[in-house]
Amino acid sequence: MNPISNQIGGVFIPVSNVEQARDWYCDILGLPTDGEIYFGHIFVLPMEGPNIVLDSKIYAPDHIYKVPAFQFRTEDIHQAYAYMRAKNVQLITDIENDHWFNFKDPDGNLLMVCK
């Protein structure tokens, strides 16, 4: 048996302010903000599947994601795009190939929504 699992446990996102990032991500994902901030710099978003770990200790302007490191899933790409626009999220692309779009979080990390 291999001691390393072939599963993703979590994805780290560098953020400048863990409290502000927690509030922003929880808002767009419809998650509660009542979880614990660990060690003063880590907040774990309770996702279905691998968790997202917001970490202000690893943040540096040159460490933000300049290409999407992962994608958020959606069943309706047009509804997701309209929702993000209504939230005043910085949309980087239009809906491409009727399948995906990119956006930035408040720290400038490039992220994707894909159906």
Side-chain angles (χ1 to χ4, degrees):
M1 176 181 232
N2 194 329
I4 306 297
S5 172
N6 65 347
Q7 296 178 334
I8 295 172
V11 176
F12 283 82
I13 298 180
V15 298
S16 60
N17 180 300
V18 71
E19 292 89 0
Q20 289 176 356
R22 172 202 59 202
D23 293 348
W24 187 84
Y25 277 92
C26 286
D27 179 47
I28 67 164
L29 296 172
L31 297 171
T33 60
D34 58 356
E36 181 178 351
I37 293 177
Y38 299 100
F39 315 109
H41 65 94
I42 291 176
F43 184 81
V44 179
L45 293 166
M47 305 293 288
E48 292 181 19
N51 290 325
I52 294 176
V53 181
L54 306 175
D55 190 346
S56 61
K57 190 172 184 178
I58 64 172
Y59 176 81
D62 59 337
H63 290 129
I64 60 171
Y65 290 127
K66 296 178 176 121
V67 296
F70 63 92
Q71 62 191 18
F72 290 103
R73 301 288 294 161
T74 185
E75 294 296 320
D76 186 327
I77 195 70
H78 297 281
Q79 183 181 13
Y81 191 84
Y83 174 79
M84 297 296 264
R85 177 174 278 171
K87 292 275 188 189
N88 293 317
V89 171
Q90 185 181 359
L91 299 167
I92 302 304
T93 66
D94 291 327
I95 297 171
E96 301 292 332
N97 301 318
D98 204 34
H99 195 71
W100 61 273
F101 65 88
N102 287 343
F103 66 97
K104 285 188 178 180
D105 76 1
D107 287 303
N109 291 297
L110 189 63
L111 304 169
M112 177 185 279
V113 173
C114 189
K115 82 172 188 182

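Ser56 OG to Arg22 CZ: the interatomic distance, rounded to the nearest 0.5 Å, is 11.5 Å. Taking CG of Asn109 as the reference point, atom NZ of Lys104 lies at 9.5 Å (rounded to 0.5 Å). Distance check: Leu111 CG to Ile52 CD1 gives 7.5 Å after rounding to the nearest 0.5 Å.
Under 3.5 Å, the side chains of Ser16 and Asp107 contain a donor-acceptor pair of N or O atoms.
No path of Ile, Leu, Val, Met, Phe, Trp and Tyr side chains, each step under 4.5 Å between heavy atoms, connects Val113 with Trp100, placing them in separate hydrophobic clusters. Using a 4.5 Å cut-off between side-chain heavy atoms of Ile, Leu, Val, Met, Phe, Trp and Tyr, with links allowed through other members, Ile13 and Ile37 fall into the same hydrophobic cluster. Taking hydrophobic clusters as Ile, Leu, Val, Met, Phe, Trp and Tyr residues chained together by side-chain heavy-atom distances below 4.5 Å, Ile28 shares a cluster with Phe43. No continuous path of ILVMFWY side-chain contacts below 4.5 Å connects Met112 to Ile77, so the two sit in separate hydrophobic clusters. When the side chains of ILVMFWY residues are joined at heavy-atom separations under 4.5 Å, either directly or via intervening members, Val18 and Leu31 end up in a single hydrophobic cluster.
For Phe72, the ring pair (Phe, Tyr, Trp, His ring centres under 6.0 Å) partners are Phe70, not counting sequence neighbours. Shown here are the salt bridge (charged side-chain N to carboxylate O under 4.0 Å, His left out) partners of Asp27, two or more places apart in sequence or in another chain: Lys87. Residues forming a side chain to side chain contact (heavy atoms under 4.5 Å, CB included) with Ala86 (at least two apart in sequence, or on another chain): none. Residues satisfying the side chain to side chain donor-acceptor pair (under 3.5 Å) test with His41, not counting sequence neighbours, are Asp55.
Across all non-hydrogen atoms, the minimal contact from Leu45 to Asn51 is O-OD1, 3.3 Å.
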List the atom pairs, donor and acceptor, that lie under 3.5 Å between side-chain atoms in residues 89-99 and the rest of the protein, sequence neighbours left out.
unit_1	atom_1	unit_2	atom_2	d
Thr93	OG1	Asn102	N	2.9
Asp94	OD1	Tyr81	OH	3.2
Asp98	OD1	His78	NE2	2.6
His99	ND1	Lys115	O	3.4
His99	NE2	Lys115	O	3.0

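Its side chain within the 4.5 Å cluster rule, Ile64 clusters with Tyr59 among the Ile, Leu, Val, Met, Phe, Trp and Tyr residues. Within the hydrophobic cluster formed by Ile, Leu, Val, Met, Phe, Trp and Tyr side chains joined at under 4.5 Å, directly or through other members, Ile58 is accompanied by Phe12, Tyr38, Phe39, Ile42, Val44, Val53.
Sorted by first then second residue, the side-chain hydrogen bond (donor to acceptor under 3.5 Å, both in side chains) pairs that include residues 64-74, not counting sequence neighbours, number zero.
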